[in-house]
Amino acid sequence: MCHKLHPANAMVLIAVLIAAALLVSHPAHSALLVSVLSFSVAAFGGAGELKGLLRFWIATGIMIIIINPLVSTQGDTVLYRTVLPLVGRIRITVESLAFAGLMVLRLFSMVLVIKLFGLSIDRDDFFGYLSRYMNKLVLTMSMTVNMIHRLRVEIQRVSEVMAMRGLDLKSGGLVKRTKAYYPMIKVVLISSLEGSVNRAEALYSRGYGNGNRSFYREIRMTGKDRIHMAVLCIYIFVIVLGFSKGWLGFDFFPSISPKSDFSAAYFAIHAASLAILIETTRRCSAWKFSEWKI
Amino acid sequence: MEVFRMENLTYYYPQKDKPALSQLDVKISDGEFLVVAGASGSGKSTLARIISRLAPEFYGGKIEGEVKGSRDIGMVFQDPEKQLVMETVEREVAFPLENRGVERNLMRKQVLEVLSLLGIWHLKDKKTYELSGGEKQKVAIAAALALRNRFLVLDEPVSQLDPMAADEIMHLLKKLNDDLGFTIVLVEQRTEKCLSYADRVVFLDNGEIAFSGKPAEYVKWVGNHDCNFLPPVTELFWRLEANTLPLTVKQGRELINRCYDVSKEVLETSLDKTADKAVALEKVDFSFDDGTMALDSVTLDVGKGETLGIIGANGAGKSTALRIMAGLLKPCKGKAEAYGAVGYLSQEPNDYLFNDTVYEELLFTQKNFQKIDCDLIEEILGDLDIESKRNVNPRDLSGGERQRVALASVLAMKPQILLLDEPTRGLNKGYKMRLAAYLRSLKEKGKTIVLVTHDMEFVAEVCDRSVIMFDGQIAQYGSTREILSGGLHFTTDINRMFHGMASPLKIGEAECICTEKGRDGP
């Protein structure tokens with residue numbers, strides 16, 4: 001039988017990786033996170049989906065890099081300045097461009113962490129495990145996850161329908177296109193909310209939340225999970241160490257400067273500990289596919 | 001023995017002044033197979049929710065009167081997609097048992113037992129999202145049965161399934177009722193598949209019980225009340241004024257052999273294929289991103305002013321072919337062209353509805369094409385019988401009404417080619433026949449119509465030509481009579497009944513070829 005990551009491990013893993021993705025501000029370490037996570041998503045069998053994620057990342061990244069310097073006028077190194085009617089004073093700086101770059105890396109790290117989470121857990125076990133402690137939260141989560149899944153399918157369907165009804169979603173400026181998307185988003189949101197009510201009804205009709213639950217599968221922490229947790233603790237230590245020494249920090253404003261000198265040794269340790277963590281997760285999550293048993 | 005009783009029950013949904021059900025008295029006996037019929041919006045689903053206690057416990061609202069009886073009731077909903085909670089089949093079936101705190105070993109036994117009983121053991125480790133519609137519905141039934149409930153309430157469980165899957169589900173229910181003594185309450189709008197299984201039929205009209213009795217009495221009553229609720233086979237004999245009204249094809253065939261002379265031939269309608277093409281697919285291949293081959297070298301021409309029906313099992317590639325014709329998908333290989341403005345109606349009418357009123361919904365389409373024509377909107381509203389709903393929010397309408405608004409919003413763009421994916425889904429027979437008449441009138445105006453459907457009666461009513469698709473390929477292409485005549489599965493109930501005698505497809509045709517040779521019965 002295929003062993004998946006223990007739900008507790010999965011929760012700690014996602015929390016640590018999200019914290020790392022959001023808090024690490026050193027571009028080299030952020031890029032390291034993105035590259036190791038991309039590789040691991042591909043190794044987990046999500047190579048096909050990675051292509052789609054890349055397209056999303058590039059499109060969103062370009063938008064962030066364009067919008068951020070327009071909104072944020074901080075930074076000492078001015079590249080361009082002008083005054084535009086309605087918009088006002090525009091001041092594009094190297095610092096705001098660099099910060100936008102970091103945000104793009106962070107965004108992609110977050111998306112990859114969530115993808116990795118989805119690939120490494122057994123959703124049924126996760127659902128069952130959480131419901132022991134947080135019944136109402138699980139109900140909300142189940143409906144939200146379902147809504148996200150439905151959103152993806154419905155956006156595709158509704159955009160086809162709207163295109164056939166003459167709605168032009170591809171041409172025109174930003175304002176026109178945003179306006180064109182409004183009917184589509186409205187349809188999708190209403191339908192998703194209706195779908196979630198149906199799901200809640202199905203959950204209710206099956207007695208969910210009625211009292212003490214029992215569990216079809218015993219979810220025990222195995223030796224593999226304990227090893228994974230140990231590796232996870234080592235990674236947490238490496239991250240905490242990096243922050244305390246300032247190796248993971250970076251100042252963008254008023255001018256670009258690392259919080260402390262770049263440590264190649266620490267970079268190597270971070271890369272190694274992250275790689276080991278991902279590999280351990282992979283082996284725990286897809287035991288039957290792995291050649292080497294832990 | 002009585003397992004359920006409601007007395008003088010009136011129920012109001014929250015924030016509604018009008019009751020959804022009014023002064024209902026219903027008794028259900030142990031092992032009874034009860035069919036609840038009625039028009040869309042008559043209160044059928046509400047009755048199912050009251051029986052299963054979802055109303056008022058989940059929905060809230062106000063209830064008057066008394067409800068007594070078993071609370072151990074399994075509920076199966078209409079849409080198989082929206083009721084499955086877990087990722088794998090085995091865990092889905094175990095889910096209600098987990099919620100009741102059943103001990104692990106007993107739970108395992110019950111899960112495996114119910115999977116075997118329903119013949120879905122082989123699906124045990126499958127992901128629920130990988131299943132077909134029929135399989136999903138079987139899993140939902142299994143989950144409802146896992147708790148050893150001997151009382152099942154099903155709300156239109158086959159309305160979204162193809163005919164083969166629908167037959168399987170109906171046979172399964174019959175088996176549960178006959179062999180194991182389960183009490184079944186089945187809510188259905190189209191009763192042709194279930195009437196013969198029923199011990200009793202309750203017909204709801206505007207939240208009240210208009211009829212309650214045996215199926216044989218029901219068909220006589222409903223024939224005089226509204227013959228649109230009669231199954232096609234029964235309707236034929238009702239029109240022929242037979243003393244006995246059959247409920248099944250088999251009973252109908254026996255009655256024909258006994259009491260009627262059948263003239264052999266039904267004239268073929270001549271089909272002059274126009275030289276002008278409206279839609280052309282040439283050796284079209286299409287695969288989805290995951291590599292699944294949906295269309296394999298499909299070549300198909302649709303002439304201008306022609307109505308073409310595309311039929312076949314789920315997953316045969318019908319909807320994909322339609323989306324390629326609409327230009328929504330690009331063929332991986334081959335050529336697809338449509339010669340004229342294309343209007344496309346998807347399977348899900350809700351995808352069209354977001355404006356505050358029905359009128360605005362139609363206006364929205366016209367604004368996008370910059371062709372505002374208020375007279376046309378009025379005409380369409382009248383033709384589709386939604387004139388009275390013009391100022392109503394489309395999301396407040398019933399399923400059948402939503403379907404008509406969606407179609408109206410497509411027609412508002414005045415398309416030359418109309419592509420319809422399952423246009424009869426959720427419509428009762430009355431509206432279906434009105435839609436058929438409307439599509440015929442569009443054809444007379446020179447419109448080209450291509451429709452994908454599981455509804456063979458509708459194909460026989462509307463389509464000049466038909467295509468049967470299997471596994472992404474065209475298995476047969478020809479006149480609708482040629483395609484449907486003598487078919488084992490892809491044909492109408494009327495044609496099945498006359499198999500070996502003649503080849504009528506529609507009730508009207510069958511009526512013309514039957515001559516009474518002696519009155520049946522006393």
Side-chain angles (χ1 to χ4, degrees), chain A residues 1-2 48-49 51-52 122-128 131 142-143 146 149-150 153-154 156-168 180 182-191 194-218, chain B residues 49 52 54 57-59 74-75 77 79 81-88 90-92 94-104 107-108 111 129 140 143-144 147 289-290 323 326-328 342-346 348 350-355 364-370 395 409-410 412-413:
Chain A
M1 192 176 75
C2 179
E49 291 169 63
K51 274 190 209 162
D122 179 320
R123 270 172 228 163
D124 289 345
D125 277 349
F126 190 73
F127 185 88
S131 66
S142 158
M143 284 196 293
N146 180 250
H149 171 71
R150 291 185 72 81
V153 177
E154 276 168 18
Q156 167 71 21
R157 232 179 37 219
V158 175
S159 61
E160 287 183 357
V161 161
M162 289 298 168
M164 293 305 292
R165 286 177 77 186
L167 195 67
D168 188 359
Y182 169 72
M184 201 183 97
I185 291 167
K186 197 171 167 187
V187 171
V188 168
L189 280 178
I190 298 171
S191 299
E194 283 179 355
S196 292
V197 171
N198 292 129
R199 192 174 172 87
E201 187 183 14
L203 280 167
Y204 188 87
S205 76
R206 295 193 188 164
Y208 188 74
N210 271 352
N212 287 339
R213 295 190 88 229
S214 55
F215 298 94
Y216 190 64
R217 196 184 293 166
E218 201 178 354
Chain B
R49 287 170 189 154
S52 60
L54 281 170
E57 288 176 15
F58 176 79
Y59 280 93
M75 177 86 189
F77 300 92
D79 189 344
E81 290 286 339
K82 292 176 187 164
Q83 57 187 315
L84 302 183
V85 185
M86 305 298 272
E87 202 176 42
T88 60
E90 188 180 5
R91 296 299 294 271
E92 180 66 39
F95 181 68
L97 297 163
E98 289 179 315
N99 294 333
R100 289 280 177 93
V102 175
E103 193 259 320
R104 188 173 293 131
M107 187 155 39
R108 191 163 164 72
V111 168
Y129 53 77
L147 281 167
D289 287 343
D290 64 1
R323 287 165 74 199
L328 292 168
V342 176
Y344 168 76
L345 180 74
S346 85
E348 184 51 75
N350 289 334
D351 291 350
Y352 292 76
L353 313 176
F354 71 98
N355 278 295
F364 171 77
T365 308
Q366 291 194 340
K367 276 183 184 166
N368 289 333
F369 287 98
Q370 293 167 345
R395 291 272 173 175
S409 71
V410 173
M413 65 176 273

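Keep in mind that this is a model prediction, so the values were computed, not measured. Only this structure's heavy atoms are used, side chains among them; waters, hydrogens and symmetry mates stay out.
Partners of Tyr216(A) according to the ring-ring contact (aromatic ring centres under 6.0 Å, His included) rule, which considers only residues two or more places apart in sequence or in another chain, do not exist here. Residues passing the ring-ring contact (aromatic ring centres under 6.0 Å, His included) test with Phe95(B) are Phe127(A), Tyr208(A), sequence neighbours excluded.
Using a 4.5 Å cut-off between heavy atoms, Val342(B) touches chain A through backbone and side chain atoms alike. Within the 4.5 angstrom heavy-atom criterion, no atom of Met184(A) approaches chain B. At a 4.5 Å heavy-atom cutoff, Ser52(B) makes no contact with chain A through either its backbone or its side chain. Using a 4.5 Å cut-off between heavy atoms, Leu97(B) contacts chain A through its backbone alone, with no side-chain atom that close. Contacts between Glu194(A) and chain B at a heavy-atom distance below 4.5 Å involve the side chain alone, from C-beta outward. If you measure heavy-atom distances from Phe77(B) to chain A, the contacts under 4.5 Å come from the side chain alone. Contact of Ala140(B) with chain A is made through backbone and side chain together, with heavy-atom distances under 4.5 Å.
Atom CD of residue Glu201(A) and atom OH of residue Tyr59(B) lie 3.0 Å apart, to the nearest 0.5 angstrom. To the nearest 0.5 angstrom, Tyr352(B) atom OH is 8.0 Å from Met164(A) atom CE. Note that NZ of Lys186(A) is 6.5 Å distant from CG of Asn355(B), once rounded to the nearest 0.5 Å. In this structure, OG on Ser346(B) lies 6.5 Å from CZ on Arg157(A), to the nearest 0.5 angstrom. With values rounded to the nearest 0.5 angstrom, Arg165(A) atom CZ is found 9.5 Å from Phe369(B) atom CZ. The CZ atom of Phe354(B) sits 11.5 Å away from atom CD1 of Ile185(A), with the distance rounded to the nearest 0.5 Å.
Using a 4.5 Å cut-off on side-chain heavy atoms (C-beta onward), Met107(B) and Ser214(A) make contact. The shortest side-chain heavy-atom distance between Arg199(A) and Val85(B) falls under the 4.5 Å cut-off.
Comparing Asn212(A), Val161(A), Leu167(A), Asn198(A) by how many heavy-atom pairs each has under 4.5 Å with chain B, the most go to Val161(A). Of the listed residues (Gln83(B), Arg104(B), Gln370(B)), the one with the most heavy-atom contacts under 4.5 Å to chain A is Arg104(B). When Arg100(B), Gln366(B), Arg108(B) are compared by the number of non-hydrogen pairs under 4.5 Å with chain A, Arg108(B) comes out ahead. The candidate with the highest count of non-hydrogen atom pairs below 4.5 Å against chain A, out of Glu348(B), Met75(B), Lys367(B), Met413(B), is Glu348(B). Counting heavy-atom pairs under 4.5 Å between each of Leu353(B), Leu345(B), Val111(B) and chain A puts Val111(B) at the top. Contacts with chain B were tallied for Ala180(A), Ser159(A), Pro183(A), Gly207(A); Pro183(A) has the most, counting heavy-atom pairs under 4.5 Å.
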Could you walk me through whether Val187(A) and Arg395(B) pass the side chain to side chain contact (heavy atoms under 4.5 Å, CB included) test, one step at a time? CA-CA 10 Å; Val187(A) 171; Arg395(B) 291 272 173 175; 3.9 Å; yes
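By the 4.0 Å N-to-carboxylate-O rule, Arg206(A) lies close enough to Glu92(B) to be salt-bridged with it.
In terms of heavy-atom proximity, Arg213(A) sits nearest to Asn99(B) at NE-OD1, 2.8 Å.
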